[in-house]
Amino acid sequence: MQCHRHYGASSSSPLPSSSRVEELFTEEEIYEEEESVIEEEVQPVVQEETAQCGGLSVEQEVRRSKEEAQPVALETEVKPPVESKNGKRTEGGEGGGGGVPKSSMLSWFVVLALLGVWCSVAVVYFDIVDYDNVIARAQEFRMNFSEVLQGKLTAYDTDGDGDFDVEDAKVLLGLKEADHPTQGVSSEERADDEPTNQHEPEAETTKEQAADQRAESGEVTSSDSLTEDAAVYGSQDVESEIQAAVPLPALVDEDFVPDDPGGDSGHPHEDVTETIDTSGVLLEETAEESTYESEQTLTSSKVTQEADTAQTQETQRHKETKKKKPKLLNKLDKSIKAEIEAAEKLRKKGRAEEALREFESLVQQHPLSPRARYGKAQAEDDVAEKLRSNDMLQRAINTYREAAELPDATSDLLRAAMKRRADRQQFLGRMRASLVTLEKLVHIFPDDIGLKNDLGVAHLLLGDNKGAKRVYEEVLAVSPDDGFAKVHYGFILKSDNKIAESIPYLKEGLESGDPGTDDGRFYFHLGDALQRVGDDSAYHWYELGHQRGHFASVWQRSLYNVDGLKAQPWWTPKETGYTDLVKTLERNWRTIRDEALAVIDQKTGLFVPEEENLRERGEWGQYTLWQQGKKVGNSCHNVPKTCALLERYTEATGCKRGQIKFSVMQPGTHVWPHTGPTNCRLRIHLGLVIPKTGCKIRCTNQTREWEEGKVLIFDDSFEHEVWQEAESYRLIFIVDAWHPELTAHQRQTLSAI
């Protein structure tokens with residue numbers, strides 16, 4: 001390795017001990033030691049030479065040696081000193097002669113050589129080497145040649161952090177003890193603890209899960225690439241069919257792209273996707289902390305108390321929604337983990353068809369692998385979105401079931417697969433099948449509050465308020481502070497016209513801030529309930545709903561909207577662009593009136609009482625000709641001229657988010673302040689039989705009265721209220737028309753209401 005080559009080059013001889021290095025770095029001691037070494041070597045050599053050379057004196061022999069040594073030093077290289085076993089140095093003479101002592105110059109050569117060695121030692125020992133620079137170069141080298149060096153530097157990873165860094169280098173030099181954080185843990189166990197983001201649904205914030213966290217159910221279809229005017233595939237709102245003001249029609253299988261009422265609104269369960277139940281201890285700890293903090297703020301100012309309370313609630317929500325990493329791999333799955341991750345990587349990159357082929361191959365090779373089959377279901381899900389294919393989505397639904405039913409499937413995978421299956425069944429409008437799937441899940445995981453909450457929603461989507469009420473009562477019995485259960489239970493109570501009883505549940509549920517509670521429907525119904533009991537704080541909640549982005553304004557509170565449309569409570573015929581329609585209605589008002597009176601005079605009950613629970617008191621009947629852009633039965637047979645007049649005005653007869661109907665209201669009737677469900681229509685009222693006094697309508701803060709043969713045009717997505725205090729009935733003709741700013745494509749693709 002390059003790094004090791006660098007460290008090896010810093011010293012050409014074995015490293016001395018640290019105590020020896022400290023001694024060698026004192027100059028005076030260096031010189032003293034060298035002089036003693038030279039004296040020890042010269043004395044015995046001189047004596048020996050005197051004996052061999054026939055008794056020459058020491059001085060003569062030394063003088064002769066110097067004369068011989070000088071030319072030799074000039075003509076040849078000085079041989080390096082050879083260290084004997086006893087540590088004394090001798091020099092080999094030229095021509096095979098015995099050792100000859102050198103001059104003091106030789107001693108200096110020795111000193112310089114030792115200094116070079118010691119300096120090299122000092123560079124390393126005293127941390128003079130620029131480790132960071134070396135490591136940076138090594139890492140750069142590694143990145144540039146990753147194919148060659150992949151995994152090599154990790155052999156020197158002494159601290160277990162997955163790479164080679166300064167700390168690892170110091171350990172190799174003996175300057176630091178190695179840490180072994182993963183010692184004693186097998187690689188398989190470590191793999192279980194490490195995130196497996198490439199194939200676990202909790203990490204899948206890809207296009208699939210972004211659109212589907214709505215019923216956590218798992219994941220499907222992204223709506224990010226679609227606009228409201230094209231409808232939204234994979235609506236994120238699991239409660240999309242719980243209408244705020246009027247009930248929505250049931251979903252139909254023939255249309256794969258149901259409408260998203262909230263535009264980009266998120267699914268109530270979005271934040272609890274794949275959450276494993278960790279209630280109990282967390283709830284107790286949170287309660288203690290909340291109590292403690294509230295005690296600490298008793299002496300604070302009101303502002304400080306509110307800030308502390310908000311912070312405490314935020315901490316509480318964070319703890320209660322803390323997620324535990326789901327484990328989706330069993331033993332078999334771990335053995336093919338690399339293949340699963342490779343296929344999952346393709347899926348996350350949007351290459352759904354390729355991913356599907358890979359998962360299909362894995363399923364063929366390992367038919368008992370739950371994770372491979374779950375991945376196949378997810379890939380089929382993605383392909384269904386891409387191709388907008390109900391058939392492919394049904395395949396995915398079946399494969400989710402197969403994955404959950406395989407032996408040895410982990411509980412987390414079973415839960416994720418079945419929840420996803422339930423969500424996809426809801427998407428296709430198969431509400432009863434979804435309910436059955438969720439009931440099985442609750443049976444398997446009876447302590448999972450989140451699953452029970454999902455089951456309650458499934459009952460609501462079927463219109464089974466009693467079943468939903470029973471489920472939420474069970475939830476609140478074991479978890480009385482569950483905000484999600486509270487808002488839904490309050491919603492059910494209000495639907496049953498238990499107005500006063502619904503308020504505390506709706507209010508406390510919204511105040512909890514729990515996932516799934518921040519929904520416009522609950523702000524809508526809480527405000528409406530407060531208005532009905534005469535509590536002006538209703539507008540406080542409407543304002544909060546507006547601030548949270550659920551309402552266009554405090555006045556305009558419709559929930560099924562198209563953004564950007566002109567918004568004003570009252571309109572003139574010219575502003576609508578429907579002047580021809582208005583003229584036709586006003587010119588023929590007597591004909592329309594006479595046909596309506598003929599229907600009223602019949603004793604066949606053709607006028608149906610208003611069923612939207614909008615009346616405080618009185619009688620209010622309606623006779624409908626068109627609804628959701630289609631004729632209602634044989635209703636036009638009784639008023640043929642009226643229907644003939646309207647046939648050519650497709651802006652009205654083709655308005656899938658509106659109605660055409662007669663409305664009769666008896667004296668003593670009051671209609672609560674309310675708003676319509678959508679901003680996609682304008683409502684035209686044609687006066688047919690209007691008492692002289694006592695009949696009026698308020699839209700926002702403006703109140704007007706009807707006139708016979710004249711129209712009033714308003715946007716009923718704004719709050720409006722009606723009084724009938726005359727002595728006789730009031731009869732009007734109501735015609736809903738598309739908002740004039742909607743495009744032809746929007747009018748064609750928007751779902752019906």
Student: Tell me whether Lys656 at atom NZ has more than 12 heavy atoms from other residues, nucleotides or ligands lying less than 6.0 Å away.
Tutor: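 Counting other residues, nucleotides and ligands, NZ of Lys656 exceeds 12 neighbours.
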
Student: Can you tell me if Arg548 uses its side chain to pair, donor with acceptor, with the backbone of Asp518 under 3.5 Å?
Tutor: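 No: the side chain of Arg548 does not pair with the backbone of Asp518.
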
Student: Would you say Gln748 has more than 12 foreign heavy atoms packed within less than 6.0 Å of its CD?
Tutor: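 No, not enclosed.
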
Student: Report yes if the side chains of Asp482 and Asn453 come closer than 4.5 Å at any heavy-atom pair, otherwise no.
Tutor: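 SC-SC contact between Asp482 and Asn453 confirmed.
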
Student: Hey, does the side chain of Arg557 reach the backbone of Leu559 with a donor-acceptor pair shorter than 3.5 angstrom?
Tutor: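 A pair under 3.5 Å: no.
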
Student: May I have the step-by-step check of ring pair (Phe, Tyr, Trp, His ring centres under 6.0 Å) for His685 and Phe733, ending in yes or no?
Tutor: CA-CA 6 Å; His685 281 191; Phe733 188 43; over 10 Å; no

Student: Any side-chain to backbone donor/acceptor pair from Asn561 onto Asn679? Under 3.5 Å, distance only.
Tutor: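 A pair under 3.5 Å: yes.
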
Student: Between Leu493 and Lys469, is any pair of side-chain heavy atoms under 4.5 Å apart?
Tutor: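 Yes - at least one pair of side-chain heavy atoms lies under 4.5 Å apart.
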
Student: List the atom of Arg683, the atom of Ile734, and the distance in Å for their closest heavy-atom pair.
Tutor: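 Closest heavy-atom pair between Arg683 and Ile734: NE-CG2, 3.6 Å.
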
Student: Under a 3.5 Å distance rule, please check whether Asn588 uses its side chain to pair with a backbone N or O of Thr591 as donor and acceptor.
Tutor: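 Looks like no, no N/O pair under 3.5 Å.
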
Student: For the residue pair Leu686 and Leu688, establish whether any side-chain heavy-atom pair is separated by less than 4.5 Å.
Tutor: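 The answer is yes; the side chains approach within 4.5 Å.
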
Student: Indicate whether the side chain of Ser434 and that of Gln426 have a donor and an acceptor atom separated by less than 3.5 Å.
Tutor: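 On atom types as modelled, these side chains qualify, holding a pair under 3.5 Å.
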
Student: Looking only at non-hydrogen atoms, find the nearest pair between Leu435 and Ala458 and report the distance.
Tutor: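 The answer is CD1-CB, 3.8 Å.
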
Student: For atom CG of Asp536, decide whether the heavy atoms of other residues, nucleotides or ligands shown that lie under 6.0 angstrom number more than 12.
Tutor: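 Not buried by this count: 12 neighbours or fewer within 6.0 Å.
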
Student: Does atom CD of Glu707 have more than 12 heavy-atom neighbours from other groups under 6.0 Å away?
Tutor: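 No, not enclosed.
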
Student: Whether Asp514 and Lys486 form a salt bridge (side-chain N of Lys/Arg under 4.0 Å from carboxylate O of Asp/Glu) is what I want to check.
Tutor: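 Salt bridge between Lys486 and Asp514, a charged N being under 4.0 Å from a carboxylate O: no.
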
Student: So which heavy atom on Ala596 is nearest to which on Val639, and how close?
Tutor: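 Taking every non-hydrogen atom into account, N-CG1, 4.4 Å.
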
Student: Ignoring hydrogens, what is the shortest heavy-atom contact between Ala529 and Ser502? Give both atom names and the distance.
Tutor: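 Scanning both residues completely, I find the closest heavy atoms to be CB-OG, 4.0 Å.
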
Student: Looking only at side-chain N and O atoms, does Asn638 offer a donor or acceptor that is under 3.5 Å from a partner on Tyr623?
Tutor: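 Looking only at side-chain atoms, Asn638 and Tyr623 do form a donor-acceptor pair, the distance falling under 3.5 Å.
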
Student: With distance as the sole test, does Gln746 use its side chain to make a donor-acceptor pair with the main-chain N or O of Thr743 at under 3.5 Å?
Tutor: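 Judged by distance alone, yes, a pair lies under 3.5 Å.
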
Student: Can you tell me how far OG1 of Thr576 sits from CH2 of Trp738, rounded to the nearest 0.5 angstrom?
Tutor: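 The distance works out to 15.5 Å.
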
Student: List the atom of Met665, the atom of Val671, and the distance in Å for their closest heavy-atom pair.
Tutor: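 Taking Met665 first and Val671 second, the nearest heavy atoms are CE-CG2, 3.7 Å.
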
Student: Does the side chain of Tyr542 come within less than 4.5 Å of Leu526's, by heavy atoms?
Tutor: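 Answer no - side chains too far apart.
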
Student: Could you go through the salt bridge (charged side-chain N to carboxylate O under 4.0 Å, His left out) check for Arg470 and Asp464 one step at a time?
Tutor: CA-CA 10 Å; Arg470 181 177 63 254; Asp464 181 14; 5.3 Å; no

Student: Any carboxylate oxygen within less than 4.0 angstrom of a Lys/Arg side-chain nitrogen, looking at Arg532 and Asp528?
Tutor: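 Judged by the 4.0 Å cut-off on N to carboxylate O distance, Arg532 and Asp528 do form a salt bridge.
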
Student: Walk me through whether Leu731 and Ser663 qualify under side-chain contact (heavy atoms from CB on, under 4.5 Å).
Tutor: CA-CA 6 Å; Leu731 176 65; Ser663 171; over 6 Å; no

Student: Is there a side-chain contact between Tyr649 and Tyr578 in this structure, where contact means two heavy atoms from C-beta onward sitting under 4.5 Å apart?
Tutor: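 Tyr649 does not reach Tyr578 side chain to side chain.
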
Student: Specify the closest pair of heavy atoms between Ile732 and Gly687, including all atoms of both residues, with the distance to one decimal.
Tutor: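 Reported closest heavy-atom pair: CG2-CA, 4.3 Å.
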
Student: Please determine whether side-chain contact (heavy atoms from CB on, under 4.5 Å) holds for the pair Cys636 and Trp626, giving the CA-CA distance in whole Å, both sets of side-chain angles, and the decisive distance to 0.1 Å.
Tutor: CA-CA 9 Å; Cys636 278; Trp626 273 270; 4.1 Å; yes

Student: Check the side chains of Ser717 and Gln556 for a donor-acceptor pair under 3.5 angstrom, ignoring hydrogens and angles.
Tutor: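 Indeed, the side chains of Gln556 and Ser717 share at least one donor-acceptor pair under 3.5 Å.
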
Student: Assign the ring pair Phe491 / His525 to parallel, tilted or perpendicular, where the plane angle (0 to 90°) is split at 30° and 60°.
Tutor: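 Because their plane-to-plane angle is over 60°, the rings of Phe491 and His525 count as perpendicular.
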
Student: Do Ile499 and Val533 touch side chain to side chain, with heavy atoms closer than 4.5 Å?
Tutor: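 Of all side-chain heavy-atom pairs linking Val533 with Ile499, at least one is under 4.5 Å.
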
Student: Are there over 12 heavy-atom neighbours, none belonging to Glu619, within less than 6.0 Å of that residue's CD?
Tutor: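 Open.
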
Student: What orientation do Trp570 and Phe714 show, parallel under 30°, tilted 30 to 60°, or perpendicular over 60°?
Tutor: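 If you compare the ring of Trp570 with that of Phe714, the planes turn out tilted.
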
Student: On the 0 to 90° scale, with breaks at 30° and 60°, tag the Tyr489-Tyr505 ring pair as parallel, tilted or perpendicular.
Tutor: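 Because their plane-to-plane angle is over 60°, the rings of Tyr489 and Tyr505 count as perpendicular.
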
Student: Taking Gln531's backbone N and O only, do any of them form a donor-acceptor pair with Asp535's side chain (distance below 3.5 Å, no angle check)?
Tutor: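 Flag not set: sc Asp535 to bb Gln531 has no pair under 3.5 Å.
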
Student: Say whether, by atom type as modelled, one donor and one acceptor occur between the side chain of Trp555 and the main chain of Cys699 under 3.5 angstrom.
Tutor: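 Checking the backbone N and O of Cys699 against the side chain of Trp555, no donor-acceptor pair under 3.5 Å is found.
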
Student: When you look at NZ of Lys566, are more than 12 heavy atoms from neighbouring residues, nucleotides or ligands closer to it than 6.0 Å?
Tutor: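 Above 12, so yes.
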
Student: Hey, could you give me the OG1/CD distance between Thr669 and Glu725, rounded to the nearest 0.5 Å?
Tutor: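 Spacing of OG1 (Thr669) from CD (Glu725) equals 10.0 Å.
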
Student: Below 4.5 Å, heavy atoms only, C-beta onward: do Asp736 and Ile660 meet side chain to side chain?
Tutor: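 Contact flag for Asp736/Ile660 side chains = no.
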
Student: Give a yes or no on whether the ring-centroid distance for Tyr523 and His546 is below 6.0 angstrom.
Tutor: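 When the ring centroids of Tyr523 and His546 are compared, they turn out to be at least 6.0 Å apart.
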
Student: I'd like to know if the side chain of Glu708 and the backbone of Ile690 have a donor-acceptor N/O pair within less than 3.5 Å.
Tutor: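 Yes, the answer is positive, given that a donor and an acceptor are paired below the 3.5 Å cut-off.
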
Student: In terms of side-chain geometry, is the basic nitrogen of Glu719 or Arg698 positioned less than 4.0 Å from the acidic oxygen of its partner?
Tutor: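 Yes.
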
Student: Looking only at the side chains, is there a donor atom on one of Gln724 and Tyr729 sitting less than 3.5 Å from an acceptor on the other?
Tutor: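 There is no such pair (donor and acceptor under 3.5 Å, judged by atom type) between the side chains of Gln724 and Tyr729.
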
Student: Could you check whether Glu647 pairs with Lys631 (Lys NZ or Arg NE/NH1/NH2 to Asp/Glu carboxylate O, under 4.0 Å)?
Tutor: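 Salt bridge: yes.
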
Student: Check the side chains of His670 and Glu721 for a donor-acceptor pair under 3.5 angstrom, ignoring hydrogens and angles.
Tutor: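 Yes, because at least one side-chain N or O of Glu721 sits under 3.5 Å from a partner of the opposite role on His670.
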
Student: Please say whether the positively charged group of Arg730, taken as NZ for Lys or CZ for Arg, lies over the ring of Trp706, i.e. under 6.0 angstrom from the six-membered ring centre and within 45 degrees of the axis.
Tutor: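 So Arg730 does make the cation-pi contact.
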
Student: Go through Trp571 and His739 one step at a time and tell me if the ring pair (Phe, Tyr, Trp, His ring centres under 6.0 Å) criterion holds.
Tutor: CA-CA 11 Å; Trp571 290 66; His739 191 291; 5.3 Å; yes

Student: Is any side-chain N of the basic residue among Asp519 and Arg521 closer than 4.0 Å to the acidic one's carboxylate O?
Tutor: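 Yes.
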
Student: Can you confirm whether the side chains of Gln659 and Lys661 place a donor and an acceptor under 3.5 Å from each other?
Tutor: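 Side-chain D/A pair, Gln659 to Lys661: present.
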
Student: State, yes or no, whether a side-chain contact exists between Asp481 and Ser512 at a heavy-atom distance under 4.5 Å.
Tutor: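 Counting from C-beta outward, Asp481 and Ser512 never come under 4.5 Å.
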
Student: Distance-only, no hydrogens or angles: does the Ser537 side chain make a donor-acceptor pair with backbone N or O of His540 under 3.5 Å?
Tutor: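 The answer is no, because no donor-acceptor pair under 3.5 Å joins these two groups.
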
Student: Do any N or O atoms from the side chain of Arg615 and from the backbone of Glu610 form a donor-acceptor pair under 3.5 angstrom?
Tutor: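 Checked: pair present.
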
Student: Report the C-alpha separation of Phe607 and Ile600 in whole Å, then their side-chain angles, then the decisive distance to 0.1 Å, and conclude whether the side-chain contact (heavy atoms from CB on, under 4.5 Å) test is met.
Tutor: CA-CA 7 Å; Phe607 272 74; Ile600 291 177; 3.2 Å; yes

Student: Using distance alone, with no hydrogens and no angle criterion, decide if Thr642 and Glu595 have a side-chain donor and acceptor under 3.5 Å apart.
Tutor: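 The answer is yes; a qualifying pair exists.
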
Student: Apply side-chain contact (heavy atoms from CB on, under 4.5 Å) to residues Leu460 and Ile492 and explain how you reach the verdict.
Tutor: CA-CA 9 Å; Leu460 286 173; Ile492 295 168; 3.9 Å; yes

